[in-house]
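The next block holds one structure in the form of structure tokens; read it before the comments.
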2 protein chains.
Amino acid sequence: MSDEEGTNRIYRAIADTTRRRIIDELALRDRQSLFEICARMISKHGIYLSRQAFSRHLSVLEDVGIIEVEWQGTTKLHSLNKAPLAGLANGWLSRFEEQ
Amino acid sequence: MSDEEGTNRIYRAIADTTRRRIIDELALRDRQSLFEICARMISKHGIYLSRQAFSRHLSVLEDVGIIEVEWQGTTKLHSLNKAPLAGLANGWLSRFEEQ
DNA sequence: TGTTTATGCAACAACCATGTTGCATAACAT
DNA sequence: ATGTTATGCAACATGGTTGTTGCATAAACA
């Protein structure tokens, strides 16, 4: 995959409110399970989706490297990897920053 | 449209290499027509698409306010509005900046 | 061993995105 | 008037996204 195509995929991954809220949650606390994330999305953000829908969102973030996972028994723990986001923030878009 | 949904749309608009190259072109020179942009995309960037395909990309950028237009006879001149991009660069994503 | 807990996979529907082609419109030049 | 130039609109195919539901798997626990 070309570098540009990777950039496209990361932009697409964060072009969704639910996924940005998931990232916000993981920025507050690492190593959260799918169920924990579901619960917080519903209770803190009022995002009512099925477990599978959240699972899909998590896998989109995992595919582009924003989320890293670790298994503990049957529980998949999700953590944030800020590198791809830092890449965007310091990359092409940074030329449009103000102040 | 909610603010969040507006943010989503701007992210999606720049999640495409062709559209980022169009923005780059307009950053170099304002007030370019569709034909000028087509020619530069093909000659400078090797992006071989039809006129209508480029027209679609331009309208995506126009819809989210990244491009502003001005008519001169039958010619539609496109210029860059950096505000939406500055909004992203200074917004949610900026927390992931490094250095 | 059997039940609960946590997750994954597959099928499906609905919608959106991106490219194509063909035709229409509207200004400008000869 | 006619032809050229510049653009828009509509139809269509294709493929991707995002949600649903149902079933499968696999570890943990009483």
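Chain A is the first sequence line, chain B the second, and so forth, proteins listed ahead of strands; every chain is numbered from 1.
Here NE2 of B:His57 is found 6.5 Å from CD1 of B:Ile22. Values are rounded to the nearest 0.5 Å. Taken from CD1 in A:Ile10 to CG in B:Leu93, the straight-line distance is 10.5 Å, to the nearest 0.5 Å.
Between the CG atom of A:Leu34 and the C1' atom of C:dC9 there is a distance of 14 Å, rounded to whole Å. Whole-Å rounding puts the B:Gln32 CD to D:dA6 P distance at 14 Å. Rounded to whole Å, atom C1' of C:dC9 lies 20 Å from atom CZ of A:Phe54. A straight line from CZ of B:Phe35 to C1' of C:dA27 spans 14 Å, rounded to a whole angstrom. In this structure, CD1 of B:Ile67 is placed 12 Å from P of D:dT7, rounded to the nearest angstrom. Across the protein-nucleic acid pair, B:Lys76 atom NZ and C:dA27 atom P stand 15 Å apart, rounded to whole Å. For A:Ile47 and D:dG19, the CD1 to C1' distance is 14 Å, given to the nearest whole Å. Atom CD of A:Glu70 is separated from atom C1' of C:dT7 by 16 Å (rounded to the nearest Å).
Here B:Thr75 does not reach the OP1 or OP2 of C:dA27: none of its side-chain N or O atoms lies under 4.0 Å away.
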Scan nucleotides 18-25 of chain C nucleotide by nucleotide, 5' to 3', and note B when protein non-hydrogen atoms come under 4.0 Å of the base, S if they reach only the sugar-phosphate, - if neither. BBSBB---
Across nucleotides 25-30 of chain D, 5' to 3', mark each nucleotide with B, S or - according to how protein heavy atoms within less than 4.0 Å reach it. -BSS--
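Below 30°, between 30° and 60°, or above 60°: for B:Tyr11 and A:Tyr11 the angle between ring planes is between 30° and 60°, a tilted geometry.
Hydrophobic clustering of Ile, Leu, Val, Met, Phe, Trp and Tyr side chains at less than 4.5 Å, counting indirect connections, unites B:Ile47 with B:Ile67. Residues B:Trp92 and A:Leu88 are members of one and the same hydrophobic cluster, defined by side-chain heavy-atom contacts under 4.5 angstrom among Ile, Leu, Val, Met, Phe, Trp and Tyr. Transitive grouping of hydrophobic side chains (ILVMFWY, heavy atoms separated by less than 4.5 Å) brings B:Ile14 and B:Val64 into a common cluster. A single hydrophobic cluster is seen to contain both B:Leu85 and B:Leu58, as judged by linkage of ILVMFWY side chains at heavy-atom distances under 4.5 Å, directly or through other members.
Here A:Glu5 pairs with A:Arg12 in a salt bridge; the nearest charged N to carboxylate O distance falls below 4.0 Å.
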Result block: side-chain N/O donor-acceptor pairs under 3.5 angstrom for residues 37-46 of chain B, not counting sequence neighbours:
{"from": "B:Arg40", "atom 1": "NE", "to": "B:Gln32", "atom 2": "OE1", "distance (Å)": "2.8"}
{"from": "B:Ser43", "atom 1": "OG", "to": "B:Ala39", "atom 2": "O", "distance (Å)": "2.9"}
{"from": "B:Lys44", "atom 1": "NZ", "to": "B:Glu25", "atom 2": "OE2", "distance (Å)": "2.8"}

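With sequence neighbours left out, B:Ser94 forms a side-chain contact (heavy atoms from CB on, under 4.5 Å) with B:Glu97.
Sorted by first and then second residue, the pairs that involve residues 47-69 of chain A and meet salt bridge (Lys or Arg N to Asp or Glu O under 4.0 Å), not counting sequence neighbours, are A:Glu62-A:Lys76.
End-to-end axis angle of the helix from C:dT1-D:dA30 to C:dT30-D:dA1, from C1' rotation axes over five pairs per end: 10° (rounded to 10 degrees).
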